[in-house]
Amino acid sequence: MKRLKKHLTGIGIIKLLLYAFFILFLVIPLVAVFIVSFTNEPINFFGSFISMETMQTTIDQLKHATLDNFKSVFQNTRYLDALLNSLYLSFVVSIVVLLICVPIAYGIARTKLPFKKTISALCTIPLIVPTFISGYAFIIMFGRSGWVTYLYQALGGEGLFIDPYSLTGIAIVQIFFFFPYALWPMVAAFKVSDVSLEEASRNMGAKGWLTFCTVTFPLVIPGMLSTALVIFAVSFSDFGTPIVLAPTDLNLLVVQAYREIAGFYNWGGAAILTLIMIAVAGFVYWVQNFFFKGKNYDSVSGKPKQSKLNQNKLVTVPIAVFSGIVVLVPLLAMLTVFLQSIATTWGKDPLPKGYTLAHYKMIFTSSLGNIQNSIVLALGALVLSIIISVFVSYFVVRQQAVTLDFMTTVPLIVPGIAFGIALIQTFNVAPLQLTGTAAILIIAYSIRRLPYMVRSTVGTMKSIKADIEEAAISLGASTLTAAITIIGPLMIPGIAAGSLLVFITVIKETSISILMAPAEWAPMSLAIFQNILRAEYYSAAAMSIILVVLVLVLQAIANLFTRKQSD
Amino acid sequence: MGAVVVEGLTKDFSGVTVLQHINLDIKEGEFFALLGPSGCGKTTTMRCIAGFEKPTSGRIKLGDQVVNDLAPNERNCGMVFQSYALFPHMNVFDNVAYSLNIKQLRKSNLFKKLGVYTRMFNSKLVKYPKEMKQKVMDVLAYVELTDHAHKLTSELSGGQQQRVALARALVMEPQVLLMDEPLSNLDQKLRHTMRNTIRKMQQDLKITTIFVTHDQEEAMSMADRVAVMKDGQILQIGTPTDLYSNPQSPFIADFVGTSNILPGTFLKHEAGITTVKIGNQEIKSVTKTDQQDVQVIIRPENIKVLEEASITDDNSFEGTIEVATYLGSTVRYEMKVGDYRLIADTIYESGHRILQEGYKVRLGVSPERVLLI
């Protein structure tokens with residue numbers, strides 16, 4: 001008792017609250033999903049503690065636990081297909097992304113590429129656009145009445161150039177919108193690998209292309225494999241593209257899991273799919289960490305030197321043309337969305353019939369609420385994640401709280417749709433019926449984006465020396481007061497950097513929004529999604545443009561901040 | 001009754017004992033130095049007194065209160081850190097006013113608390129009360145920083161930062177002032193000035209001060225008493241002169257000042273004079289001993305170096321000069337005597353010539369200056 005009392009200082013209570021938060025909203029939901037995969041029906045975890053009756057029901061449910069769901073993974077072709085299709089999709093996407101990125105990365109890092117700055121700038125576009133908007137853009141480009149289809153048929157083609165509603169369509173969207181995730185790490189890899197090694201190779205008589213194949217390229221292979229795994233994980237847990245593009249006869253894990261929950265209320269099925277998703281994502285994350293942690297680009301570097309840029313036109317011009325085509329696709333996709341948003345009608349023609357701002361006007365009169373919801377929810381998630389991450393980083397850095405550190409990395413491996421299903425299952429019934437409230441939505445958003453924030457705040461916390469805090473304490477401040485008056489203000493730069501990232505990603509968030517947001521709290525992403533489902537393409541386009549502009553503005557503010565700091 | 005009493009303080013860090021049964025009794029208004037090489041446990045001892053480390057066993061008393069279970073922020077120990085640990089986001093004034101703000105925070109109701117918090121975030125928003133302002137300015141005037149009150153701490157020189165750290169600790173009127181190697185980040189010349197400043201301040205304010213250092217010169221020149229530590233134990237506590245002239249172990253003899261330390265064996269004790277054999281030489285000392293094997297300790301300045309055989313001392317040897325170093329007011333000779341090397345410091349008077357390498361000399365030491373341990 002005395003020991004307990006000693007730990008119940010202000011800061012001790014906060015630590016307990018943090019643990020309680022993570023156990024309640026992260027550990028228990030994941031455990032519940034695991035249990036539900038056996039019981040086949042949702043269990044009332046919290047109710048069991050307050051009511052004997054519920055407890056009895058839960059025990060009965062546990063007694064009837066079966067392995068049916070696990071068997072069904074291998075027997076039910078729907079599930080097995082979903083898993084295989086998802087793995088196949090992610091595998092193809094990561095391989096193609098790698099192949100695309102090698103020449104562009106080499107061009108940016110090592111050659112005098114014409115229009116290098118423009119190409120680099122355009123490469124950031126895909127990062128701004130939520131994937132379901134990219135998917136939707138492909139529909140209005142490649143769909144039956146899309147302008148690409150028009151051009152294709154005008155040139156003598158039959159039917160569709162590419163069917164957007166197919167595995168190929170999904171793969172293409174993911175390739176063109178995920179390649180920047182691989183590009184920048186690869187550019188870094190090319191930049192730091194030791195140029196003197198290449199010079200040595202040339203000195204021994206190897207020609208330019210031979211040097212590239214035997215020295216330059218092999219040196220960046222570890223970095224490339226690592227980024228390929230990142231792409232694999234991003235593609236595997238992407239929900240936006242498949243939910244918009246996957247036809248009913250195409251099973252993908254994320255879509256199947258969503259359909260089990262939203263369509264059939266098949267809790268057991270959703271649970272087993274969730275487990276599979278987490279297992280695969282976790283495995284990829286583990287492999288990436290295990291094999292490549294700290295071994296990436298820096299291992300191949302000597303001292304980074306100013307490299308001599310390749311000026312050979314025979315190399316640079318083809319790379320520039322190739323890069324141009326790659327970055328042009330997302331750009332055209334966004335331009336198409338923009339044109340759609342200001343079109344009166346746009347049928348099977350290369351350009352709209354007329355132009356109008358009516359769709360925007362309509363959004364600002366009837367759908368203003370969605371914009372407000374997005375901002376309020378993002379702000380809520382922001383505040384929550386700031387508070388959590390500041391204290392988490394304090395405990396991680398100062399008290400070596402390994403468990404907390406681990407818990408904040410768990411969201412990295414849990415795909416959004418899986419996390420959403422886990423939360424819905426756990427908080428579906430009284431006494432803790434949170435499903436359908438803004439609160440659970442905010443909590444879900446902030447837990448999902450917590451890793452970004454914590455990474456940023458832990459970095460800043462590490463730079464604050466322990467004796468500054470001890471000085472405050474020796475001057476009479478309690479640990480909590482010292483945290484508020486000294487540590488807090490010193491952490492502001494780290495918080496600011498993480499904040500914008502959290503805010504932007506929450507506004508872009510798709511899976512949690514679509515799965516969990518109630519009608520009265522529908523954010524922009526959900527509104528766009530519903531418009532796409534209802535084939536209200538014009539207002540979907542206008543709302544998408546507003547969302548992208550909002551993200552762009554925030555990104556610009558973020559850049560301004562970071563530039564100021566580095567000055 | 002001491003101002004700071006440490007009884008049987010022992011500290012383990014995951015099974016490794018870093019402090020073994022430390023006992024200290026520091027008097028009111030005393031300037032007390034903890035001296036020892038790095039890793040000897042002096043900083044840990046101080047951190048136990050400040051409350052940042054929990055003793056594994058033993059008692060710590062401040063005044064007549066046992067503080068073992070008291071949190072560090074409730075002990076009223078002013079602490080000056082080696083790195084100064086100034087708050088980088090606050091100016092000099094706000095740094096010094098920090099403890100006063102905290103005091104006010106403890107006394108206020110919720111509304112006033114918000115005001116104080118706001119002031120600690122930005123002192124332009126909420127004004128300091130008049131008496132608080134006066135108190136801070138008084139302390140700043142005392143450390144001669146009045147003109148720098150509104151500068152950021154990063155704009156100050158090392159010596160000025162040091163004085164801010166001092167002022168910040170003093171303003172809370174601590175029961176004990178703890179200083180952890182406060183001068184180690186300053187350059188040689190500034191260190192000498194700051195020694196005098198700190199010593200004078202301590203004398204003026206009569207504040208009980210514990211000073212941690214690895215620099216024996218610093219400890220000897222500033223402290224009233226010095227505790228020499230090694231490997232988590234206290235070897236000897238005494239005044240600087242006491243430590244210098246009566247070191248109780250070869251380690252202290254060597255660590256406090258320079259010493260010639262030679263192994264000897266006891267021969268006889270007659271009429272108050274002990275005779276000890278070193279190699280094939282005999283040496284006389286006034287120290288009594290009951291040990292068979294002894295360490296013979298002679299301070300370099302107590303060895304006379306003469307060219308002729310005109311030694312009248314009881315102890316006299318022949319030696320050969322190996323190295324002569326001219327140090328301004330003194331000359332240091334390193335000499336070979338028998339199988340041993342001895343160091344002797346002689347006063348250099350202008351006009352005298354410095355004896356060169358290979359020169360044969362006679363050395364003399366009076367038995368009063370030969371110490372046996």
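Since the model is a prediction, treat every value here as computed from it, not as a measurement. Below, chains carry the letters A, B, ... as their sequence lines are ordered, and counting in each starts from 1.
- Using a 4.5 Å cut-off on side-chain heavy atoms (C-beta onward), I486(A) and H89(B) make contact.
- With a 4.5 Å cut-off on non-hydrogen atoms, I484(A) touches chain B through its backbone and its side chain both.
- In this structure, I473(A) and F52(B) have side chains that are in contact, with non-hydrogen atoms separated by less than 4.5 Å.
- Residues Y98(B) and A482(A) approach most closely at OH-CA, 4.0 Å, considering heavy atoms.
- Remark: F406(A) CZ is loosely packed, at most 12 non-hydrogen atoms of other residues, nucleotides or ligands lying under 6.0 Å away.
- Residue with the most contacts toward chain B among G488(A), A477(A), P489(A): A477(A) (heavy-atom pairs, distance under 4.5 Å).
- Interface residue M79(B): backbone and side-chain heavy atoms are both found under 4.5 Å from chain A.
- In this structure, the separation between CD1 on I102(B) and OG1 on T485(A) is 5.0 Å, given to the nearest 0.5 Å.
- Contacts between L100(B) and chain A at a heavy-atom distance below 4.5 Å are absent for every atom of the residue.
- Options I468(A), T479(A), I464(A), T481(A) differ in how many heavy-atom pairs under 4.5 Å they form with chain B, and the most are formed by I468(A).
- Using non-hydrogen atoms only and a strict 4.5 Å limit, the part of residues 107-146 of chain B facing chain A consists of Y117(B), M120(B), F121(B).
- Using a distance-only test at 3.5 Å, with no hydrogens or angles considered, a donor-acceptor pair links the side chain of R106(B) to the main chain of G476(A).
- Heavy-atom pairs under 4.5 Å with chain A peak, among P174(B), S99(B), A50(B), A71(B), at S99(B).
- Each side-chain hydrogen bond (donor to acceptor under 3.5 Å, both in side chains) pair with one or both residues in residues 462-474 of chain A, not counting sequence neighbours, appears once here: Y394(A)-E469(A), R398(A)-E469(A), D467(A)-S83(B), E470(A)-R47(B).
- Rounding to the nearest 0.5 Å gives a distance of 10.0 Å between NZ of K103(B) and CG of L475(A).
- Residue A466(A): no heavy atom, backbone or side chain, is found under 4.5 Å from chain B.
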